[in-house]
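The block underneath contains the structure these notes are about, expressed in structure tokens.
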Amino acid sequence: MSEYQIETLEEEKQQYIVVKLGDEQYGLDISYIDNIVVMQKITRVPKAPEYYAGVINLRGEVVPVMSAHRKMGLGDDTITKATRIIILKLEVQGLVGILVDEVREVVTLGESEIDRSAQNKKNQSTFINGIGKNGEDLISLFDITALIDQVD
Amino acid sequence: MDVSQYLDIFIDETNEHIQSLSDNIMVLEKEPENKDTINEIFRAAHSLKGMAGTMGFKRMQRLTHDMENVFSEVRNDTIKIDSGMIDTLFQCLDAIENYLASVKATSDEGTEDNEYIIEKLNSYLPGADKGKKEASAPADEAKDNEASAPAEESEEEGNRAYLEMSLDDATKDAIADAALNSKIYGFTISIQKDCLLKAARAFLVFKAVEDFGEILAYNPSSQDIEDEKFDLDFSIIISTKEDITKVKAAIESVSEIEKAVYGELPASMYSKDDAADRASDDMDEADEKQDDDASASSGAVPAARQTPSEAAQQKSSAPAQKKSAGKPVTARTVRVDIEKLDALMNQVSELIIAKNSLVSISDSGSVTSTEGQQLHEQIEYLERITTTLHESVMKVRMVPIESTVNKFPRMIRDLSRKLNKPMDLTMTGEDTELDRTVVDQIGDPLQHLLRNSADHGIEDPDVREKAGKPRQGTIFLNAFQEGNNVIIQVGDDGGGIDTEAVKAKAISKGLVSEEDAEKLSQKEIIDFLFNPGFSMSKTITDISGRGVGLDVVKSNVEALGGDVSVKSTLGQGSTFTVRLPLTLAIIQALMVEIADEKYAIALASISNIESISVKDIKYVEANEVIHLRGRVIPLIRMRNLLDCPEKEDEEDLTVVIVSKGDNLAGLIVDNLIGQQEIVIKSIGKVIDSNKIISGATILGDGEVAMILDINALM
């Protein structure tokens, strides 16, 4: 019993929501997430950065929605029944939505299960700050501030 | 009780007094003999001293005390106002402002003693030696007492509530104990009728009294006083070893205290038996004592007065004081936290969105049935209510621009001295009202414009004389409401903008080629002044000339949904016109359709709507224009601008003519949807990188529509 307690103290565990983008799995730190909503009408914003799909009406608030596909250079989104908008709550930017293909599950990862060195091999992975290992699956963990902040 | 809870009130009031001092000193500079103004300044300094004292800000108290001394002498005609003294007084004000800033930041006045200013102040006192200064202080107090004493005698019967206080045995014991080594006095303190914060005043009174002795009993209870559960007066019983007139003076120095009546209470009154029986006997005794006091202090009056004319002056100042104290400026008002108003405004916004969705449901359904007809009528009724509600809330949020512009006369005065150019600021329409948020943010842009006028606009007096103008320059600030906008004009009768010089500068900066420059209109040339980093000043001064002026003004004003324009005549001066919307959150808009997308255009910027034939489109330098009623109006194809797929032109085009200042433009849209009241929402910082969209709104059906920023289009 006491041994177990010591272990949890030593290693901080974090929860991630696992989403699918194309064929890959990505993890989003759950502490940033305000809400997950089903696909709804997105209003285009002219002259906005191209990786922003537009804005939605979230309970009376206008929330910008980013296309993770376009931001990651994975081409256009294909909207299916499984498509979800993950609403992030950020300190500076307020509410921001991210369009993902599918929301799979919530996983709990300790620092020992995350590989921090496997990044920067490809350019696009500047939004990734680690690879989580969940059994057989590998999950790329988003660096959320980098994902949202990066302005071209 | 803790002083800190009254810090806000202290800061508010100090600000008011500083402003009143500043205004009055400005008046004094022009009319050094104005007695009303001198009295006004004396009173403001006196109140500041009292407030600083009760809050324990000793340095601030000392400075204001010395200011008060100087004015007491000015009031007595022993010294005269001169310009050096005015400067010193302004330094005092700045010092007090610094104290206040420090109080705001740290709840403490800081450690700056301002010895230099105090010395300067004291040097104005007759004889200019310290002894004299000490002597004048008690004389002051005697006069204060004397001013209130005659008034008391006539109208103070029945106000000795302290004699009828019911006390429990424990309190009586405490009083009896205290009576052994100090004197017991009863006080009944009356607060002015229009006082808003009675509890705070009472607290300040207690605080003042505690410097001299101990408060033994309260009526009503201290808790009730704190909760403001009392009418206009309250009573206390105190024990003190000090001179009671000092206590009285301290109490009456708290602002908005009408008067304090006191009498000594014999300890025997509070021995446990027969207290009630003896109360009435003691009352006579106390009355006598009061009369004695009054005559004693009025006995001191002849000594303090030097001439009969001054006696008359003293008398005339007393009613004046009453009049100003009775000014019902803040009567029948409540102070509300601006956040609560914001919350209210948000709820009204929600209500309007909900109403809009009802409207769209009723529009889409069949309205032929009787029920449908009724629904329609009720919704129209609801629509009227929400519109009125919105207007009411908007009005609540409106404040006069006075609070922002009233610091400008002082600023221009200082600039006038610094630049060695005589100039005067005239202001009209200070009572024009604007949304609180706008008023808070418009100060900086206006200040820029005024500095600009003072520095660049007004010429040197010699130059002015040669041009046949009065040596003194005039700067003006006029504010007024025009429809849904508020216009603020800032200008001067100075040299005006030299468009040739601006043109040359623009060419040398590479903003325009020499050939193109020739074709530019006067207005287009003046617009260069709003470019970032564009300064016409040859030398950089600390007033202006760094080129961070006008572009900042422009962007600040545009951020508030307004715009700036300039008119200038060489040799006669320039006028900057700032146009601001009355409200920020909810506007009337025209909804239009562009390639199946809905967009809103603020109704305020639409001048008219035209249906034109494709054949009427002309070309000027390869740009499409339309000739309409004698004006050539450039056309903007919204589909192109908004990156929508192009389509074949129909026979007739719908054109929304929008205006910005004197400029017009025609926006080609697909369809008109109709007029609607819309709530402006931000589209978020991350996506805000584009200029043509000023925000978004939620339509009745829950859909989001973009609001076009007309200012950026033109």
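All values derive from a computational prediction rather than experimental measurement. Hydrogens, waters and symmetry mates play no part in the numbers below; they use all other heavy atoms, side chains included. Naming convention: chains lettered A, B, ... in sequence-line order (proteins, then strands); numbering from 1 in each chain.
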- request: Apply salt bridge (Lys or Arg N to Asp or Glu O under 4.0 Å) to B:Asp440 and list each qualifying residue two or more places apart in sequence or on a separate chain.
  value: B:Arg436
N/O donor-acceptor pairs under 3.5 Å from side chains in residues 88-102 of chain A, not counting sequence neighbours:
from	atom 1	to	atom 2	distance (Å)
A:Gln93	NE2	A:Asp149	OD1	2.7
A:Asp101	OD1	A:His69	NE2	3.0
A:Asp101	OD2	A:Gly22	N	2.8
A:Asp101	OD2	A:His69	NE2	2.8

- line: Okay, A:Glu61 and chain B: the region with an atom under 4.5 Å from a heavy atom over there is both
- request: To the nearest 0.5 Å, tell me how far A:Lys47 NZ sits from B:Ile693 CD1.
  value: 10.0 Å
message: Please determine whether the number of non-hydrogen atoms from other residues, nucleotides or ligands lying under 6.0 Å from atom CG of A:Asp23 exceeds 12.
response: no
Neighbourhood of chain B inside residues 133-144 of chain A, taking heavy atoms under 4.5 Å as contact: none
message: Run the side chain to side chain contact (heavy atoms under 4.5 Å, CB included) test on A:Thr43 and B:Met706 for me, step by step, so that the C-alpha distance in whole Å, both residues' side-chain angles and the decisive distance to 0.1 Å come before the verdict.
response: CA-CA 8 Å; A:Thr43 307; B:Met706 295 295 134; 4.2 Å; yes
statement: If you tally heavy-atom pairs under 4.5 Å between each of A:Val55, A:Val62, A:Ile56 and chain B, the highest tally belongs to A:Val62
- request: Take B:Leu642 and A:Arg44 through the side chain to side chain contact (heavy atoms under 4.5 Å, CB included) test and state the conclusion after the steps.
  value: CA-CA 10 Å; B:Leu642 301 173; A:Arg44 187 180 72 95; 4.1 Å; yes
message: Quick one: does any side-chain atom of A:Asn57 pair with a main-chain N or O of B:Val704 as donor and acceptor, under 3.5 Å?
response: no
field: With B:Glu383 via side chain to side chain donor-acceptor pair (under 3.5 Å) - residues at least two apart
entry: none
